[in-house]
Amino acid sequence: GDPPRLIAERDKVQTVITDVKPILINAGFSITNLTDQELANVLVNKAIAANVTDADITKAATDLETNRTATKEVLQNIASGSAYTNNESNVTLRGITLFEVAAGYGHKFFFKDTYWGANLKALVGRVGYFREEFLKKKIESSDTTTDFDKNSRQSIQPGVDLGLMLDKRDKYRFKLGIVGRNVNFPEFDQPAVAAGEPKYRVQPQVRAGAAFYPFKRKFFVIASDIDVTNNISPVPGFSTRMWGLGTELNFVNSNWFNIGLRAGLMKNLSENDSKPTYTGGVGLKLLHFFVDVAGAVSSELVEVKSGDKESQKVPQNVQVGVAFGLNF
């Protein structure tokens, strides 16, 4: 009988066989005497007999199922006498880097200890685009990053942020707030190589948070915030809804001078298997001027290989941000 080993992998292989079996039969392969399930069992058992590890069989079956559409198209081209490179499976990268210059204003709202605020921003956006059909050209990671940066276009659009805050620090030692960023749906021009692509739209984000001050002097704060919206990313099928938890320790903590150290973590709640990202930062306040430096690094590592160099593991995501401001 069939051993109860790697059953899930057999099922994945079977789904692909169901797609491509008619193509193989029409091309002259004698496999009509086997059912799709039997053929999947034969392939997996052959791999087991050849001492292929379970981990490698699992990865191969997953890759095969993930790329079942591309596999079918390649076989159809071969069976019809066309070159396999007629397949249009491709690597496509879309992205944007944003630089913001903002002017903000805040004021008391109608209710006690309630405040509203708004930012009017000039958004300098550089949109990058890369597309290559990987069956027609060998693609190196250096190609994607070089061409992505080269095939870019910069434009400037206005942006609007709106916020509301309840400040109960004096009586209850906490604050609540909610902010909507880029609520005007700013759109940026695509580079020439992305002909036919719609303008790159920056989706609004709504985020809510709370802060608690354990001590009366308010030099130490614990805060948490979360995305109210599920944010669509440039990668089809991938979205983000970030939750964060952090703390800040303020040295001096006067109205005219302060140094604040921050640490925390965040996690994408839209992806069940996402790993936490660790965050940190430092802020300096001097009279009405302030500067904040912040960074984040993912705890998840990915293997990257460039050219003939040995592959190395690097954090999946690294972020660095610097903000300057003037309060008056």
Side-chain angles (χ1 to χ4, degrees), residues 70 85 87-103 119-161 180-205 227 229-242 266 268 270-271 277 279 292-298 300-309 311-312 314-325:
T85 51
N87 179 269
E88 295 183 353
S89 299
N90 63 84
V91 174
T92 301
L93 299 180
R94 303 177 180 87
I96 187 171
T97 58
L98 282 174
F99 176 76
E100 300 183 355
V101 179
N119 284 333
L120 181 61
K121 306 181 295 186
L123 300 175
V124 182
R126 179 176 289 276
V127 178
Y129 185 86
F130 171 87
R131 185 180 188 274
E132 189 67 61
E133 295 177 8
F134 57 78
L135 291 180
K136 294 183 179 180
K137 176 184 176 182
K138 182 180 178 182
I139 302 174
E140 300 287 350
S141 59
S142 57
D143 294 335
T144 60
T145 53
T146 300
D147 290 349
F148 182 79
D149 183 63
K150 181 174 64 177
N151 299 327
S152 62
R153 183 174 179 180
Q154 182 173 294
S155 56
I156 301 175
Q157 293 294 323
V160 179
D161 301 338
R181 300 186 69 248
N182 300 315
V183 296
N184 60 318
F185 292 87
E187 295 182 333
F188 296 86
D189 295 331
Q190 294 274 7
V193 295
E197 290 272 328
K199 286 190 174 185
Y200 191 104
R201 170 176 284 190
V202 176
Q203 298 290 333
Q205 296 178 336
D227 284 335
T229 52
N230 198 44
N231 306 307
I232 300 172
S233 79
V235 181
F238 181 80
S239 58
T240 63
R241 185 166 178 255
M242 303 303 297
M266 59 183 181
N268 183 9
S270 290
E271 299 293 322
T277 295
T279 61
D292 288 320
V293 180
V297 58
S298 172
E300 185 171 4
L301 301 178
V302 294
E303 195 167 283
V304 175
K305 184 177 182 180
S306 179
D308 297 329
K309 297 180 181 179
S311 60
Q312 55 183 341
V314 298
Q316 185 186 53
N317 182 27
V318 176
Q319 303 175 34
V320 177
V322 179
F324 302 90

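Since the structure is predicted, the reported quantities are computational estimates derived from the model, not experimental observations.
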Heavy-atom pair with the smallest gap, counting every atom of Asn230 and Ser239 =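 Minimum heavy-atom separation between Asn230 and Ser239: ND2-OG, 3.2 Å.
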Atom of Pro186, atom of Pro158 and distance for their closest heavy-atom approach =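 In terms of heavy atoms, the two residues are closest at CB-O, 3.6 Å.
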State the [atom1]-[atom2] distance between [X] and [Y], to the nearest 0.5 angstrom.
| X | Y | atom1 | atom2 | value |
| --- | --- | --- | --- | --- |
| Asp161 | Gln205 | CG | CD | 10.0 Å |
| Glu197 | Tyr129 | CD | OH | 4.0 Å |
| Gln319 | Met266 | CD | CE | 4.5 Å |
| Ile96 | Leu123 | CD1 | CG | 8.5 Å |
| Phe188 | Gln154 | CZ | CD | 10.0 Å |
| Asp189 | Ile156 | CG | CD1 | 11.0 Å |

Validation row: [X], [Y] side chains within 4.5 angstrom (heavy atoms):
| X | Y | answer |
| --- | --- | --- |
| Leu120 | Val160 | yes |
| Asn182 | Lys121 | yes |
| Val314 | Leu301 | no |
| Thr277 | Ser298 | yes |

Answer yes if the side chains of Thr229 and Asn231 hold a donor-acceptor pair under 3.5 Å, and no otherwise.
->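 Looking only at side-chain atoms, Asn231 and Thr229 do form a donor-acceptor pair, the distance falling under 3.5 Å.
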Candidates Lys199, Glu187, Gln190 - the one meeting side chain to side chain contact (heavy atoms under 4.5 Å, CB included) with Val127 =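 Looking at Lys199, Glu187, Gln190, the match for Val127 under the side chain to side chain contact (heavy atoms under 4.5 Å, CB included) is Gln190.
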Please confirm whether the backbone N or O of Met242 pairs with a side-chain atom of Asn268, one donor and one acceptor, at under 3.5 Å?
->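 No, the answer is negative, given that no donor and acceptor are paired below the 3.5 Å cut-off.
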